[in-house]
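What follows is a short report on a single structure.
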Amino acid sequence: MSDSGGVAESRAAIDAANADDPRSHDTEPLALAQGRQAEEWVVRLDPEASDALRLAARAHHLRRWALPRADYPEGRAGYLRWRRAQRERHARDLAAILDEARVDASVTARATQIVTKRGLGSDPEVQTFEDAVSLTFLETELRPVLDRLDDDTKAADIVAKTLAKMSAAGREQAAGVAARLDEHSRRIFAEAEDAFAREGRDAG
């Protein structure tokens, strides 16, 4: 990614904001680790990725902890409201960072569009973004989800839904991620793959 036009400053500001995450992954704040990993995945999936796509990936969980899931009602409807609110807040916060760094307005507009996932299913960059953040989820959050839920069926359903949002290339990378996980996580991933395959056959 170019270091011109405020992009480098924006990346540093995103990292500084995410460094306040009270949760951790290995030895660093969770959102900071996730931003870095998502951008790395974007580059692996698309070596020619635009600044807008890379910045969106870096900011996909920008200060995510500041809007707790507990602030919204239980159940799927409440969860979807929370997810939508998170995406909108990420876009606003990202736009503020990019504007402060004087990033070109067209890059800012595109990055905020990508981070809200507008165009998923028809926009190749948004699909790459979805693949990257889904792969990051599997790397950083699958194990904590398993520990929190203590329900393998529900966990496999979550992973199957994640796979359904990914492209074929993304799912191929996901299988590689799963191979590096612990035995329990690998088993859940295998069950999710089976469920995803069954649903695909049923839809056909």
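Source: prediction; values computed, not measured.
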Distance-only, no hydrogens or angles: does the [X] side chain make a donor-acceptor pair with backbone N or O of [Y] under 3.5 Å?
X	Y	result
R81	A77	no
R186	A178	no
S134	D131	no
S50	L53	yes

Under the side chain to side chain contact (heavy atoms under 4.5 Å, CB included) test, residues paired with A17 that sit two or more places apart: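 Testing A17 for side chain to side chain contact (heavy atoms under 4.5 Å, CB included), a comparison that skips the adjacent residues, returns L62, R63.
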For [Y], is there an ion pair with [X] - N to carboxylate O distance below 4.0 angstrom?
X	Y	value
R187	E191	yes
R11	D15	no
R102	E9	no
R171	E193	no
D147	R143	yes
D157	K161	yes

ILVMFWY clustering at 4.5 Å (side-chain atoms), partners of L30: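 Joined to L30, directly or through intermediates: none.
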Test log, rule side chain to side chain contact (heavy atoms under 4.5 Å, CB included), inputs T128 and W41: CA-CA 9 Å; T128 299; W41 274 116; over 6 Å; no
Residues H61, D21; criterion side chain to side chain donor-acceptor pair (under 3.5 Å); working and verdict: CA-CA 10 Å; H61 275 181; D21 194 341; over 6 Å; no
Side chain to side chain donor-acceptor pair (under 3.5 Å) between Q34 and E141, intermediate numbers included: CA-CA 10 Å; Q34 289 176 324; E141 294 198 73; 2.9 Å; yes
Quick one: does [X]'s side chain get under 4.5 Å of [Y]'s, heavy atoms only?
X	Y	result
R23	P144	no
I158	L149	yes
K117	R83	yes
H90	D93	no

Atom of P29, atom of A19 and distance for their closest heavy-atom approach: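 Taking P29 first and A19 second, the nearest heavy atoms are CG-O, 3.4 Å.
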Within residues 69-78 or reaching into it, pairs that qualify as side chain to side chain donor-acceptor pair (under 3.5 Å) - sequence neighbours excluded: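 Non-adjacent pairs meeting side chain to side chain donor-acceptor pair (under 3.5 Å): zero.
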Aromatic plane relationship, F129 with H60 - under 30° parallel, 30 to 60° tilted, over 60° perpendicular: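 Correct class here is perpendicular.
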Criterion side chain to side chain contact (heavy atoms under 4.5 Å, CB included) on L45 and Q173, from CA distance to verdict: CA-CA 9 Å; L45 294 164; Q173 293 288 349; 4.0 Å; yes
Stepwise side chain to side chain contact (heavy atoms under 4.5 Å, CB included) check, Q113 with D123: CA-CA 11 Å; Q113 178 186 359; D123 186 321; 4.1 Å; yes
